[in-house]
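For reference, the structure discussed in these notes is given below.
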2 protein chains.
Amino acid sequence: MVEQSREMPTLDEVARVAGVSRSTASRAINGQVYVSAKAREAVTNAVASLGYSPNLLARSLATKRTNSIALVLSERGDTVLADPFFARVLRGVHAGLSGSGMQLVLLMAQDEQAQGELGQYLCAGHVDGALVVSLHGDDPLPDQLASSGLPVVLLGRPLAKVDVPYVDADNSTGGELAAAHLVERGRRHIATIAGPRDMAAGIDRLSGWRRGMTAAKRRPAGVVHADFTAAGGAAAMRELLAAYPEVDGVFAASDLMAVGAMQVLREAGRRIPQDVAVVGFDDSELAETAVPPLTSVRQPIEEMGRAITLRLIAQINAVADQPSSVLLPTELVPRESS
Amino acid sequence: MVEQSREMPTLDEVARVAGVSRSTASRAINGQVYVSAKAREAVTNAVASLGYSPNLLARSLATKRTNSIALVLSERGDTVLADPFFARVLRGVHAGLSGSGMQLVLLMAQDEQAQGELGQYLCAGHVDGALVVSLHGDDPLPDQLASSGLPVVLLGRPLAKVDVPYVDADNSTGGELAAAHLVERGRRHIATIAGPRDMAAGIDRLSGWRRGMTAAKRRPAGVVHADFTAAGGAAAMRELLAAYPEVDGVFAASDLMAVGAMQVLREAGRRIPQDVAVVGFDDSELAETAVPPLTSVRQPIEEMGRAITLRLIAQINAVADQPSSVLLPTELVPRESS
DNA sequence: CTGAAAGCGCTTACAG
DNA sequence: CTGAAAGCGCTTACAG
């Protein structure tokens with residue numbers, strides 16, 4: 001059992017020391033308006049001398065406001081945390097939270113069973129709202145949460161038609177930019193290493209790339225799906241080289257896959273960009289440190305994290321006229337790989 | 001204000017539906033022993049039919065146990081989150097937490113002012129304990145927290161002599177291994193890019209490296225301090241090349257610095273490892289994807305995260321005979337850069 | 001094994 | 001502007 005030697009002062013003691021009632025002490029502490037200057041000062045002094053700090057649990061129980069939101073990683077926690085994407089999201093969430101007085105509770109679905117408990121936990125009123133980072137578009141969690149009345153905002157477009165606001169990057173335009181860029185670089189046989197078919201990011205980047213190819217009147221030279229990892233990108237590149245040896249331009253739907261692909265190209269004796277131009281997606285640190293540095297479609301991940309947070313806070317505070325969902329712009333960052 | 005349409009059932013309703021008193025319902029739900037089979041079943045059914053889930057806030061207020069611990073990043077949040085180190089720690093913490101029924105509250109010191117509030121928040125009993133990741137060894141926070149009676153475990157050896165248990169990698173042995181390896185590879189002019197002087201990780205890796213050099217009867221060919229970043233590593237390497245052009249072996253105290261150094265070496269026309277062998281520290285993903293792949297000293301970051309978590313939980317539960325502090329082993333992972 | 005009661009530390013109508 | 005009182009939803013001695 002816990003054995004904490006520290007007895008924190010309570011509101012009652014503050015009131016006693018200040019010589020006012022508990023109600024008045026509470027009002028003074030919360031900066032309410034109907035408090036005499038004299039009472040306010042007495043309370044302020046009492047708070048300082050006692051080192052009082054309100055028990056947020058008790059406050060929450062009384063106000064039904066927890067002043068905390070959950071960041072839910074609806075993926076196997078051990079996997080998703082390996083992804084630098086997540087750290088960037090977290091930075092954005094942190095930025096969005098700053099100054100709001102809200103705390104962040106981090107929740108992860110460890111397995112299918114935990115998934116259910118997670119939903120229950122969230123719906124039981126322990127947080128004021130939830131940010132759900134759901135990489136798989138068909139995740140049932142967002143819908144489950146939202147239908148319980150919990151304010152929820154998603155990072156990433158859900159695949160199913162659920163009535164939950166989301167923030168995503170403009171993946172489709174990003175894919176289009178990549179295609180246009182490779183065309184502009186004079187590439188004649190352009191292939192893509194697409195993301196998974198069950199993730200919006202995979203689907204949207206591919207459809208955008210297809211649109212870009214069509215706009216340039218080009219026939220795609222090959223489409224292979226992979227899982228956004230370096231190993232997956234490498235395997236996909238091997239497949240592409242075998243099936244389309246003439247390939248001279250590749251759009252990989254993630255930097256990690258692009259790096260894997262570049263490794264395979266190098267091993268196959270293809271020079272980058274002279275023989276094959278490569279474009280990634282994310283504009284991660286990986287893109288800068290790759291050899292050669294990787295042209296990549298930038299998505300503003302930190303901003304996305306910040307946006308979902310602000311959006312959620314607004315929803316919790318019932319601020320009217322919130323846009324239901326938002327796509328943040330993507331842009332192409334040219335480097336030496338193309 | 002919050003407008004949540006969901007009225008969660010309370011313990012009172014469960015008791016009413018089950019036809020027992022609130023006390024009995026509570027006991028049944030908490031799996032206590034003196035409950036008749038009949039009562040237990042009635043409560044179980046009531047819970048299921050109502051979809052009841054206990055309000056953890058109220059429970060915490062009554063039990064004085066929050067069932068949550070804080071992970072405190074005592075650095076500027078926006079900076080520390082950029083470091084992959086952090087994500088790995090988080091994975092470890094997550095692993096350590098799994099099955100404990102505890103939640104993780106993520107706290108970051110945004111600025112000096114927030115630093116004080118943070119301490120107050122933590123000491124005010126909102127969490128059962130705190131994990132502090134304090135990269136700067138002279139951080140006052142750990143001491144402040146511990147002296148308030150809050151269970152605290154540190155990740156990383158503190159520089160000041162504070163009475164707080166910590167878990168760290170055996171940085172010193174790691175540095176020694178790096179020195180021995182470079183010697184063994186036949187290097188004659190071995191330099192190091194050390195970490196900052198005010199961080200235990202910087203100090204310990206350097207002292208270990210020195211010990212290794214001494215053991216091999218070698219004079220260090222140069223010591224330059226940098227800040228663990230790629231840019232810092234690059235600058236340090238330039239400095240080393242200028243001052244010790246004969247350098248043929250470099251131990252960089254982080255992979256990031258090693259990558260920066262390799263970039264500079266390449267620009268200077270030095271081949272790796274033929275002209276200069278490079279060893280990093282962390283064995284991060286960066287080490288594997290570097291060109292050439294980087295020899296690096298592995299530190300078990302995930303395990304460290306897991307260890308601090310288990311240690312903290314034990315302390316919260318007042319489990320006796322806990323080791324005060326622990327160093328986890330480091331090992332050298334040889335790759336092509338040396 | 002069970003229930004009535006007090007208590008955890010706050011907030012907030014309500015009456016003055 | 002202020003205080004007494006009720007209430008937030010739980011747990012836990014205490015007496016039976």
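Naming convention: chains lettered A, B, ... in sequence-line order (proteins, then strands); numbering from 1 in each chain. Since we're looking at a predicted model, the values are computed, not measured.
- Sorted by first and then second residue, the salt bridge (Lys or Arg N to Asp or Glu O under 4.0 Å) pairs involving residues 302-311 of chain B (not counting sequence neighbours) are B:Arg88-B:Glu302, B:Arg91-B:Glu302, B:Arg298-B:Glu303.
- A donor-acceptor distance shorter than 3.5 angstrom exists from the side chain of A:Asp168 to the backbone of A:Arg157, with no hydrogens or angles considered.
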* Asked: Going 5' to 3' along nucleotides 7-16 of chain D, which nucleotides have protein heavy atoms under 4.0 Å from the base (write B), which only from the sugar-phosphate (write S), and which from neither (write -)?
  -> BBBBBBB---
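- Listed by chain and residue number, B:Pro165, B:Tyr166 satisfy the side-chain contact (heavy atoms from CB on, under 4.5 Å) test with B:Ser325 (two or more places apart in sequence, or in another chain).
- Looking at residues two or more places apart in sequence or on another chain, you find a side chain to side chain donor-acceptor pair (under 3.5 Å) between B:Arg59 and B:Asn30.
- With sequence neighbours excluded, no residue forms a side chain to side chain donor-acceptor pair (under 3.5 Å) with A:Asn55.
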* Based on Watson-Crick and G-U pairs with both distances under 3.5 Å, what dot-bracket line describes DNA chain D 5' to 3', crossing pairs as [ ] and inter-strand pairs as |? -> |||.||||||||.|||
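- Residues satisfying the side chain to side chain donor-acceptor pair (under 3.5 Å) test with B:Ser21, not counting sequence neighbours, are B:Thr24.
- Taking atom C1' in both C:dG16 and C:dT12, one finds a spacing of 16 Å when rounded to whole Å.
- Residues passing the side-chain contact (heavy atoms from CB on, under 4.5 Å) test with A:Ala42 are A:Ala18, sequence neighbours excluded.
- Only A:Val33, A:Tyr34, A:Val35, A:Ser36, A:Ala39, listed by number, bring a heavy atom of residues 33-46 of chain A to less than 4.0 angstrom from any atom of DNA chain D.
- Not counting sequence neighbours, the partners of A:Ser68 by the side chain to side chain donor-acceptor pair (under 3.5 Å) test are A:Thr66.
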* To do: Could you check A:Met304 against A:Leu155 for side chain to side chain contact (heavy atoms under 4.5 Å, CB included), going step by step and ending with a plain yes or no?
  => CA-CA 7 Å; A:Met304 288 157 65; A:Leu155 183 63; 3.7 Å; yes
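- For residues 8-27 of chain A, the set of pairs meeting the salt bridge (Lys or Arg N to Asp or Glu O under 4.0 Å) definition, not counting sequence neighbours, comprises A:Asp12-A:Arg22.
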